[in-house]
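Residues: numbered from 1 along the sequence shown. Heavy-atom basis, side chains included; hydrogens, waters and symmetry copies ignored.
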Amino acid sequence: MTALVRRPTEHAALAAACRSPRRLPSVPALMAALLDAHGRGDREGATLAAHRVVRAAGPEEIPMSVTTAAAAALARQRQRLAPVGSNERRAAGVAAVLLDSARTHAGARRLLAQHRVPEDVHAAVLALLDELATPREGDDAPSSGVVARPDGP
């Protein structure tokens with residue numbers, strides 16, 4: 001039985017291809033491909049061309065989103081820094097628990113709606129969840145819990 005032998009340059013070539021930016025064709029060229037696929041009745045080709053048109057016409061910078069784990073860590077940090085007994089501290093604690101329990105920020109809001117929380121704390125938790133869901137300036141490293149849209153077709 002022969003074993004698969006990888007060429008030493010194969011891994012390097014794949015790694016370089018993953019790092020290189022993928023340039024999309026121009027929007028008019030993609031629209032022509034979309035019309036051609038539609039005329040031929042090629043639904044998969046039309047779907048692919050339509051998605052590429054949207055990606056090519058979209059903004060270069062896509063807003064990043066903060067993961068719930070990173071947001072929960074920020075909420076716990078806020079809780080530690082808030083004055084003892086304050087609504088800010090209570091709201092940060094509730095937000096941390098909600099974000100730890102939910103997979104998404106919207107899920108954390110749904111969990112909040114399912115539980116009885118004093119009105120003033122409820123409003124503070126909603127405000128904090130909104131604040132934690134938006135990335136801050138300078139938080140663009142993956143280690144900070146910010147996730148970007150992957151490149152590719």
*Between H38 (side chain) and L34 (backbone), is there a donor-acceptor pair under 3.5 Å?*
no
*Is there a donor-acceptor pair closer than 3.5 Å between any side-chain N or O of R78 and the backbone N or O of R89?*
no
Over all heavy atoms of both residues, which pair between [X] and [Y] is shortest? Give the atoms and the distance, please.
| X | Y | answer |
| --- | --- | --- |
| A133 | R109 | CB-NH2, 4.4 Å |
| A33 | A49 | C-CB, 4.2 Å |
| A75 | L132 | CB-CD1, 3.8 Å |
| S101 | L111 | CB-CD1, 3.8 Å |
| A46 | A37 | N-CB, 3.5 Å |

Reported [atom1]-to-[atom2] distance for the pair [X] and [Y], which is rounded to 0.5 angstrom:
| X | Y | atom1 | atom2 | result |
| --- | --- | --- | --- | --- |
| T104 | R110 | OG1 | CZ | 5.0 Å |
| N87 | E119 | CG | CD | 11.5 Å |
| Q114 | L98 | CD | CG | 10.0 Å |
| H122 | L112 | NE2 | CG | 3.5 Å |

*Is it true that L126 and V94 fall in one hydrophobic cluster, defined by side-chain heavy atoms closer than 4.5 Å?*
yes
Any side-chain heavy atom of [X] within less than 4.5 Å of one from [Y]?
| X | Y | value |
| --- | --- | --- |
| L128 | Q79 | no |
| L129 | L99 | yes |
| R90 | D120 | no |

